[in-house]
Colleague: 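What follows is a single structure, and I will ask about it in a moment.
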Amino acid sequence: MSAHFEAELAELRERSLLRQLREIDSPQQPEMELTGRRLINFSSNDYLGLATEPALREAAKQAIDQYGLGAGASRLISGTLSPHARLEEKIAEWKRTEAALTFTSGYSAAVGTLSGLLRKDDVVIVDKLSHASLIDGARLSGAVLRVFPHNHLGKLESHLKWAREHYPDSRVLVVTESVFSMDGDWSPLAEIVEMKHRHGALLMLDEAHAVGVIGANGRGLADKLGLTAEIDIHMGTLSKALGCAGGYVCGSRALIDLLINRARSFIFSTAPPPSVAAAATAAIVFLLSPAGERRRQDLRTRLLLFADEMPQLFPPERKIQSAILPIILGSSKRALDAMRIIGEAGYYVPAIRFPTVPRETARLRVTLSARHTPEQIKGLCSALRKYLAGLKAAETVEA
Ligand SMILES: *Cc1c(COP(=O)(O)O)cnc(C)c1O
């Protein structure tokens, strides 16, 4: 029986694509304990250090005392517990939209929303580097799927024209991210908004890596560019910069009411624990406070330090756009080797391989937190420089 599975695992290992779990016996914070070794963690999306923030822990503890642990059932069955209602009001206030709906994860928010809003004869047009949850939702919907090369406005426009010509009466939905999860760059949002208006399409924007980090009070890229009202479907996660768990969608009241009726990942899934909702509400309160602004400023100064330390990755004309700092290496094997070598120097930086990124673009993905010390960042950069110099020397010998 298991020989059947083992052959497939062996094949993955052969291609340097095998994934394995590593146990961590510490919170997600800059210093972590990896199976008996202390490492400095440069892998977490907890950009502001909120996963361990005292105010959030306290909110969760209080909610456990008041509401217990599990939510009991889907909200349509057993009712909405107050912490979920408060969280959705808070998200809508923070994001400046009419209403919001929360899901157990960002993944289920994406899948439920896309499959709930699109039918067979609708058209969904997706950036090629979009997160797996968006691709999976688009596929599950059964709608006609068109993919445009990353941030390629010309191809997006030709798909829009094609959709309008062949499906004049259908819903046409453009899907993109504000900060791309494995590259850290932004989408050309203002241009995409202009284009979707011109072709009568809708726009869904996944701000998973932007909220908390970009814009005033961490409202994200749409708010920073003054485009909040132009986005039909705002999506994001409470699991990254907000340090908790869960996904959200926000927008018009009608959008949210429709999702309550159509999003199967919402309808057929038990609500998240109320303690997590209470902690996420506290995270938004934090983002709206002066302490939130200071934490974002701390992150900015650390990003500038990284850019200073790594001029080969960040020449003066290249602006840092997010806390995601990829070092593209090529083959999966090279990325795994790099992870091991950097690990031996005391730094945990994950290798990202196919299918998370396209083939032959495997990379190290460094993420910074406002909580890293300048010394930790300088130490990492020194190890990275040494590794990259060794790589260059080896290539010179080969050539
Ligand atoms: C992480 C991520 C998600 C999924 O969010 P989770 O809350 O982790 O399930 C969705 N979209 C993007 C762009 C992401 O990076």
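Both ligands and their constituent atoms are indexed starting at 1 by order of listing.
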Colleague: Give the numbers and elements of all ligand 1 atoms closer than 4.0 Å to a heavy atom of Ser133.
Modeller: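 Going through ligand 1 atom by atom, the ones under 4.0 Å from Ser133 are 10 (C), 11 (N).
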
Colleague: Which atoms of ligand 1 are found less than 4.0 Å from any heavy atom of Ser181?
Modeller: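 Checking each atom against Ser181, I get 15 (O).
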
Colleague: I want to confirm something. Looking only at heavy atoms, which of Glu177, Lys240, His131 is nearest to atom 1 (C) of ligand 1?
Modeller: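 The option holding the nearest heavy atom is Lys240.
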
Colleague: Which atoms of ligand 1 have any heavy atom of Gly106 under 4.0 Å away?
Modeller: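 By the 4.0 Å cutoff, the relevant atoms are 4 (C), 5 (O), 6 (P), 7 (O), 9 (O).
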
Colleague: Run the numbers on Glu194 and Arg198 for salt bridge (charged side-chain N to carboxylate O under 4.0 Å, His left out), then give the verdict.
Modeller: CA-CA 6 Å; Glu194 186 274 326; Arg198 205 145 33 76; 2.6 Å; yes

Colleague: Less than 6.0 Å separating the ring centroids of His234 and Tyr248?
Modeller: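 No, they do not, as the ring centres are separated by 6.0 Å or more.
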
Colleague: Show which atoms of ligand 1 fall inside a sub-4.0 Å distance from at least one heavy-atom site of His209.
Modeller: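 Here the atoms of ligand 1 in question are 14 (C), 15 (O).
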
Colleague: What pair of heavy atoms forms the shortest contact from Arg302 to Ser369, and how long is it?
Modeller: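 Closest heavy-atom pair between Arg302 and Ser369: CD-O, 3.4 Å.
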
Colleague: Which ligand 1 atoms does Ser105 reach within 4.0 Å, using its non-hydrogen atoms?
Modeller: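 The atoms of ligand 1 under 4.0 Å from a heavy atom of Ser105 are 7 (O), 9 (O).
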
Colleague: How far apart are the C-alpha atoms of Arg359 and Thr361, what are their side-chain angles, what is the distance that settles it, and do they pass the side-chain hydrogen bond (donor to acceptor under 3.5 Å, both in side chains) test?
Modeller: CA-CA 5 Å; Arg359 286 180 210 278; Thr361 70; over 6 Å; no

Colleague: Mark up the atoms of ligand 1 that fall under 4.0 Å of a heavy atom belonging to Thr237, in ascending order.
Modeller: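 Close to Thr237: 5 (O), 6 (P), 7 (O).
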
Colleague: Go through it in stages, so that I can follow the logic: the residues are Leu364 and Ile328, the test is side chain to side chain contact (heavy atoms under 4.5 Å, CB included), and I'd like the CA-CA distance, side-chain angles, deciding distance and then a yes or no.
Modeller: CA-CA 7 Å; Leu364 288 180; Ile328 297 180; over 6 Å; no

Colleague: For ligand 1, which atoms sit closer than 4.0 Å to a heavy atom of Tyr107?
Modeller: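 Heavy-atom distances to Tyr107 below 4.0 Å select 4 (C), 5 (O), 6 (P), 9 (O).
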
Colleague: I need the atoms of ligand 1 closer than 4.0 Å to a non-hydrogen atom of Ser239, numbered in the order shown.
Modeller: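 Reading through ligand 1 atom by atom, the close ones are 6 (P), 7 (O), 8 (O).
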
Colleague: Heavy-atom count check: over 12 atoms from other residues, nucleotides or ligands less than 6.0 Å from Arg37 CZ?
Modeller: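 Yes.
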
Colleague: Tell me the protein heavy atom at minimum distance from atom 11 (N) of ligand 1, and give that distance in Å.
Modeller: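 Protein heavy atom with the smallest distance to atom 11 (N) of ligand 1: Asp206 OD2, 2.5 Å.
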
Colleague: Relative to each other, are the rings of His372 and Phe42 parallel, tilted or perpendicular (30° and 60° limits)?
Modeller: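 Aromatic pair His372/Phe42 classed parallel.
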
Colleague: Less than 3.5 Å between some nitrogen or oxygen of Met235 and one of ligand 1, yes or no?
Modeller: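 So ligand 1 has no N or O lying under 3.5 Å from an N or O of Met235.
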
Colleague: Name the one of Thr113, Leu114, Asp232 that satisfies side chain to side chain contact (heavy atoms under 4.5 Å, CB included) with Leu173?
Modeller: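 Exactly one pass, corresponding to Leu114.
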
